[in-house]
Amino acid sequence: MTESVWILGTAMTRFGRHEMLDLVDLASEAALGALDDGGVSVNDLDVLACGSLFSANAGVGQQLLGQIGQTGISIYNVANACATGATAIRVALMAIRSGEASMAMAVGVEKMGKMGLLTSSPKGSKAAEVFEPSGRFGSVRSVDGILGTKTMPGVFGQAGMRYAHDHDGVGFDQFARIAHKNHLHSTLNPLAQYQKKFSLAEIKAAPMMAYPNTLLMCCPTGDGAAAGVLVSGERLRTLSASQRRRAVKISASVLTSDPYVEGGQVQPDVNTLTRNAADAAYEQAGVGPEDLDLVELHDCFASAELIHYDNLRLCEPGGAGDFIDSGAPYRDGSVPVNVSGGLISKGHPIGATGVANIYEIATHLRDEAGDRQIPGARVGLAHVIGLGSSCGVHILERSAA
Amino acid sequence: MAGERIPLVGYLVLEPQPHLVANECESCRARFFDRRNACGSCGGRSFAPAPIATTGHLRAFSIVHRADPGVRVPFVSAIVETVDGTTVRANLVEVSPDPDGVRLGMPVRLVTYPVGIDSEGTECIAFAFAPVAA
Ligand SMILES: [Zn+2]
């Protein structure tokens, strides 16, 4: 029997624009919040895993402990695209499972400001004086906008439209409805970057980024941090009754990468690795999709959320359009999805996202989510995907104690 | 050297008829458009060039309105499955770039067109897909 691992404390900053706070301020706020929430101190930690994508080479973990307690423990700075935060959680968990640590903290932090459009192709390629094939594709100039798009709204737009090609009942209206839901949900979340409700008509009429995704169907860039203190089951038993009661069990922790599929070289396949991660997580946790009380999934774009209903087995195969039309993923529906507001409205400071999803689920399982609480939540699933690609899935369960 | 033509990417062959060519794994037949170190599907080390069919159908698309400076918008980014089962990404041209002008599943064919000229007068030739006339 492998050692059980629990979330002892967790916290996040508000997501959004924090012009007066730097990366270490944000990381410190989340880390100190998680330590306080867990009733422990930095001296109790054996390991720190610190995720930050755009500052991956800055030793953010060391900078953080430099501010809050330079205890000399192992620090792992991790970067794994939009799965960076989930990867930090997994590094902390694996340190405990290995027996090298009994308490570990995972922090995810990002300061993006207004970065504008993110693309997976290098920027600033200038027109050549003399055409010369270069690179792995032997290209003589930038191909963006000639051989299609590699911008994120377009890539995920294509992923959604491919689902529409393969299945009935999916189109612009269904994608718009997902954005409607997530913006509506965010009005109850004081930590969300935006807390504004939009009508379906407003969402559809917003500036088009990459059809089918309008501006209100795309996640914003922003700043923020989240943290979680993880503890082994054995050490948890030595802690107080209230610490044990509030602890949340990590019943499954999975990270997959994308296996080879035909076509993956021109359009990243975000489905297969998500399905693989979800199936492995359900198996590990011994629960099924029907047991989930809430789900936080990676809605970087409305078109992404739709396909993940199917990938995470939340709906009938091919039935993601009917699923959103039925209202099932709204907070009063049968499988509430992204009650935090999701990336679309809560925000997406990349390194923080995968930890913040776990904060959200844990807070509901502790019955501490305030106005947005899903009543009686016992089991929840957190999903992230980083293009390129990595997928993290965690299943959390309320303490039986 | 005026009058020379060069393909935009190494996997576009201009003569005698424009078509794409992939590096095909000799053990599992997986096809790749980039330079390979080994096969991402089976780990095989031997490849042979495989010409790709020039017709297919529209499997997915996005109509891109925001892009980096210098990229003309809107344009239709298309994911095409060729009749020999290879997936290709390129712009969809000769259509109106709006949801009414593009239909999932529509039959398409490979076309080529110039996208710039260098200081020695060499013309860069790109490929795209266009609807097959009914
Ligand atoms: Zn092979």
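Keep in mind the model is a prediction, meaning the values are calculated, not measured. Quick note on labels: first sequence line is chain A, next is B, and so on, each numbered from 1.
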key: Residues B:Arg29 and B:Glu24 bridged, charged N to O under 4.0 Å   = yes

ask   = Among A:Gly157, A:Ser139, A:Gly264, A:Pro212, who wins on heavy-atom pairs under 4.5 Å with chain B?
value = A:Ser139

inquiry  = So for atom CZ, which belongs to B:Arg45, do other residues, nucleotides or ligands contribute more than 12 heavy atoms lying within a distance under 6.0 Å?
reply    = no

inquiry  = Looking at chain A, which one of B:Cys42, B:Ser62, B:Gly10 has the largest number of heavy-atom pairs inside 4.5 Å, strictly under?
reply    = B:Ser62

ask   = Is B:Arg31 paired with A:Glu262 through a side-chain N to carboxylate O contact shorter than 4.0 Å?
value = no

task = Quick one: sort the A:His298 and A:His383 rings into parallel, tilted or perpendicular, breaks at 30° and 60°.
result = perpendicular

note = When B:Glu120, B:Glu15, B:Glu123 are each screened for salt bridge (charged side-chain N to carboxylate O under 4.0 Å, His left out) with B:Arg5, the one that passes is B:Glu15

Chain A contact via B:Arg59 - side chain, backbone, both or neither, heavy atoms under 4.5 Å = both

ask   = Highest number of heavy-atom pairs under 4.5 Å with chain A: which of B:His65, B:Arg35, B:Arg89?
value = B:Arg89

key: Region of A:Ala164 that comes under 4.5 Å of a non-hydrogen atom in chain B   = both

request  = Name the region of B:Phe129, side chain, backbone, both or neither, that has any atom closer than 4.5 Å to a heavy atom of chain A.
outcome  = neither

message = Does any backbone or side-chain atom of B:Val71 lie under 4.5 Å from a heavy atom of chain A? Answer side chain, backbone, both or neither.
response = side chain

task = Measure the acute angle between the ring planes of A:Tyr211 and B:Phe61, then classify it against the limits of 30° and 60° as parallel, tilted or perpendicular.
result = parallel

query = CD of A:Glu316: more than 12 outside heavy atoms within 6.0 angstrom?
reply = no

inquiry  = Using heavy-atom distances under 4.5 Å, tell me whether B:Pro7 contacts chain A through its side chain, its backbone, both, or neither.
reply    = backbone

Contact class of B:Leu58 relative to chain A, heavy atoms under 4.5 angstrom = backbone

remark   = Turns out that what part of B:Val88 lies under 4.5 Å from chain A's heavy atoms comes down to backbone

task = Mind ranking B:Val64, B:Leu8, B:Leu104 by heavy-atom pairs under 4.5 Å with chain A and telling me who comes out on top?
result = B:Leu8

query = chain A heavy atoms under 4.5 Å from B:Ala78: which part of the residue, side chain, backbone, both or neither?
reply = backbone

message = Quick check on B:Phe33 against chain A: is it the side chain, the backbone, both or neither that has a heavy atom closer than 4.5 Å?
response = both

remark   = The interface call for A:Asn213 against chain B, heavy-atom contacts under 4.5 Å, is neither

request  = Give the ring-plane orientation class for A:His167 versus A:Tyr163, where under 30° counts as parallel, over 60° as perpendicular and anything between as tilted.
outcome  = tilted

message = Using a 4.5 angstrom heavy-atom cutoff, name the option from B:Ser77, B:Pro99, B:Gly70, B:Ala126 with the most pairs to chain A.
response = B:Ser77

Winner by heavy-atom pair count (cut-off under 4.5 Å) against chain A, out of B:Pro97, B:Pro69, B:Ser41, B:Gly105 = B:Ser41

key: Sidechain N-carboxylate O distance under 4.0 Å for B:Arg109, B:Glu94   = yes

query = Hey, does A:Ile307 have a side-chain heavy atom less than 4.5 Å from the side chain of A:Val270?
reply = yes

